[in-house]
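Below is one structure, written out as C-alpha cells, with a few remarks after it.
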Amino acid sequence: MRRLSSLAILTLISFCLKSLYTRYEIIGSLEFGGAVVEVSFLFLLFLFLSLLKEKIAHFIYILLNITGSLLLIGAIMYFDYYNSIVTYKSLAQAGQIGDIRTSIFALFKLRYLLLFADLPFLFLYRKRKGLSFKIRRKTYLFLMAANILVIAWGFYKSTNIISEISQYETVGFFAYQFLEASAEKGLLGEDGEEVTPQLVNKIKPSSPKEDPQLNGIARNKNLIIIQLESVQSFLLNKQINNIEVTPNLNKLINEAFYFPHFYTQVGKGNTSDAEFLVNTSIYALGNEPMSTATAGKTLPSLPRHLRQAGYYSATFHANEISFWSRKEMYDALGFDEYFDQDYFGKEDFIAYGVSDEILYKKTIEKLAGFNGQKFYAHIIALSSHYPYDFPETKIAHTITLPDSFNGSIVGSYIKSVSYADFAFGLLLEELKAAGLYDDSVIVVYGDHQGVQTQNEKDTALVNDLVGHDYHSVLDHLNVPLIIKVPSATGGTIDTIGGLVDVYPTIANLLGLDIRDEIVFGTDLLNSKKNTVGIRFYAPTGTFVTKEYTFSPGKTRDSGKITLIENRNESPATPDSIKELNKILEFMKSSDAYIRSIE
Ligand code: GP9
Ligand code: MN
C-alpha cells in the first residue's frame, strides 16, 4: 500500500496546471497529446517521490514547487526574448543575470505571478491527512507502467521532429531537457566523415559564379568591421513622418554594396555569436554560446588569415571582457589585441558600457595610432541594446516619433536605432578626418533582431511599419549588411546571405586565398544561389532561399513555405524537403567541424 499525501496531490495538481499554463504562454495553445505526456511525466515523478519518507518527500515537494515555478517563469520570459525553449545549458550563463537585470525587469509581466498562486494553499493543506490517497501496490505499479508508456510514446514521436518548439510541445518542459541532453550525447558520440574543404564545398547549398568578380580589388586596404547592436533591416531607408530613421546608414548604402536579403544566424551567444560567425564562417551551435564552446581552441579565422597577410587585428567593445567569456573567444579567434571597459571606461554610460559616441571616438584614437600599419578593426557597438532606455541627454540625437509610438517598446527601439545611426554618422566623419575612410574596406552589419512585439499595440505598430504582417523570420531576422569598398561603386546585391557569409565575401575583396580553409559561407558578391540555415531564434530546420523561407513542421517531411515576394504561405514541396535535408546535413558538418578543432 502506498500513500500520496495531501501535499503531494496538491503539488502535483498545481504543478500540472503550471506546466500547462507555461505551455499556453509559450505555444499559444494546448495540444492534447503533448499535454498528456507532460502531465504523465510529472505524475511519474511524484509516484517516485512518494516512495521516500514522508518528511523528506514533503521537503522536496515544497522545494520543487518553488524552484519549478521559478524555472517555468524563466522559461516563459526566455521564450519572450529568444523565441526559443530554455534548456539546462543556460545555467552556465547564470553569472550574467546581474548584468542583464534591466532586460529581465522589462520582460516581466505581473500575470506570471499566477505561477505562485498556489503557495498559500499548499501551506494550509500540507498536513490534512483527509485528502490523502491510498494506492494499492498493484494500482501503483499499473500507474507507473501507464505513465511510462505515455512518456515513451511522446519520446518516440519526438524522434521524427527537428523543431525544438515542436519537441517541447510533444513531451513538455521537463522531459524536453532529457531530449536535449540525449541529442547532445548523440552528437558528441557521432563518427561522421572527416570534414574537409572538399567535402564542405561538395555539400554547400550555394554555387559560385564561373567568373568571380572584384577579386583582390581591396588588397592591402585596412579592414574596419562595425557590428551594430540589434539593428534590423526594416528601419533602413525608412521614413516616419518624413524623417529618416537611419540617415547615415542610408547615405553609406548609396556608395557601397548593400545586401537587403541578409539574415542573422546567431544562437544563444547573441552579440558574441555574431562576432564568432563573422570571423570564422562556421555556424553557431545554437543552444550554447560559441565563446564557451570554442574556449581553448585555436580556430582558423579572419584575424589569423589577415595576420599572414601582414595585418594587425584588434577588437573593440565597451562592456567588460568577461561578459560572454569574450577573453576566451578572442584568444580562440586569434585577435592580436582587444579593448574592453578597462580601456573605454564608464563615461557617458548606456546599457553595458560607454555610449557608441565614446566607443567610436576612443577606437579611432587607437586606429590612428597604428601609424600606417595595415589593420583589421572589429568594432562592436552597444548603445542600441534592449530594453532601449536612453538617458535624457541623448534624446536630442534620436528621431522624433508620432504620438502613436508613445509608451511602446517599438518606439523605444526605433529611437535607440536612430541614436546608433547618429553615433555611426560621427564615426564616418572621424574616419574621414583621420584619413582612414578612403583607405579601408568598411563593413557594417546588424548582429541580430531587436524588436519585441509582445502586445497588440507593438504588433500593430510594427505591422504598419513593414506594410504587412511582421514575419518571425523574413522581417524579424533580416539584418543589414553593407560593404563599402574603396574604388568600387557598389550597388544593391539581391543574393540571399547570412552572417556565415561575411568572411568569404571579404576574403575575395581583400584577395585572401581561402580555398584550403574550411568555410561554411559563400562569397555573396560571386554566388548564383545560396541557402541560409537558421536555428535558435527560429526552430532548427528553418532556412531561407532566394524565393522562400521554410518553417519545419511536426515531422521531418512536413513544413510550411512562405514566399518572400508576396508572403503567400503553402505546405512544403518535395523540393523544399530536399533543401531541408541538405541544409540540415550541412549544419551538422559545421557542428562536427567545430567540435573537432582543438
Ligand atoms: C554585452 C553585449 C550584450 O557585452 O554583448 O548584448 P547581447 O548579447 O545581449 O545582444
Ligand atoms: Mn547584441
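Indexing begins at 1, ligand by ligand and atom by atom, following the structure's order.
- Residue L525 holds its CG atom at 6.0 Å from CD1 of I483, rounded to the nearest 0.5 Å.
- Looking at R326 next to ligand 1, an N or O pair under 3.5 Å apart turns up.
- Distances between N or O atoms of H385 and those of ligand 1 include at least one value under 3.5 Å.
- Under the 3.5 Å distance criterion, with hydrogens and angles disregarded, a donor-acceptor pair is assigned to the side chains of S527 and T522.
- Between K394 and D348 there is a salt bridge, since at least one side-chain N of the basic residue sits less than 4.0 Å from a carboxylate O of the acidic one.
- Of all atoms in ligand 1, listed by their number and element, those nearer than 4.0 Å to a heavy atom of T271 are 2 (C), 3 (C), 5 (O), 6 (O), 7 (P), 8 (O), 10 (O).
- The nearest heavy-atom contact from the protein to atom 1 (C) of ligand 1 is N319 ND2, 3.1 Å.
- Side-chain N/O atoms of N287 and E180 include a donor and acceptor closer than 3.5 Å.
- The only option from T315, T271, D340, D331 that meets the side-chain contact (heavy atoms from CB on, under 4.5 Å) definition with R326 turns out to be T271.
- A donor-acceptor contact shorter than 3.5 Å is absent between the side chain of D501 and the backbone of L524.
- Near F323, with a cut-off below 4.0 Å to any heavy atom, the atoms of ligand 1 are 1 (C), 3 (C), 4 (O).
- No part of Y386 comes within 4.0 Å of ligand 1, judged by heavy-atom distances.
- The Mn ion (ligand 2) has an N, O or S atom of H448 under 2.8 Å away, backbone or side chain.
- Taking the six-membered ring for Trp and the full ring otherwise, the centers of Y376 and F335 sit less than 6.0 Å from each other.
- Of all protein heavy atoms, the one closest to atom 4 (O) of ligand 1 is H317 NE2, 2.7 Å.
- When the Mn ion (ligand 2) is compared with the N/O/S atoms of D447, atom OD2 turns out nearest.
- Taking 4.0 Å as the cut-off, L382 counts as a neighbour of ligand 1 on heavy-atom distance.
- Counting the atoms of ligand 1 from 1 in the order shown, those under 4.0 Å from a heavy atom of E229 are 6 (O), 10 (O).
- Classified by interplanar angle (parallel below 30°, tilted 30° to 60°, perpendicular above 60°), the ring pair H397/Y419 is tilted.
- A donor-acceptor contact closer than 3.5 angstrom is absent between the side chains of E275 and H378.
- S230 lies apart from the Mn ion (ligand 2) in this respect, since none of its N, O or S atoms is found at a distance under 2.8 Å.
- Heavy atoms of H448 approach ligand 1 to within less than 4.0 angstrom.
- Of the N or O atoms in Y81, none lie within a sub-3.5 Å distance of an N or O in ligand 1.
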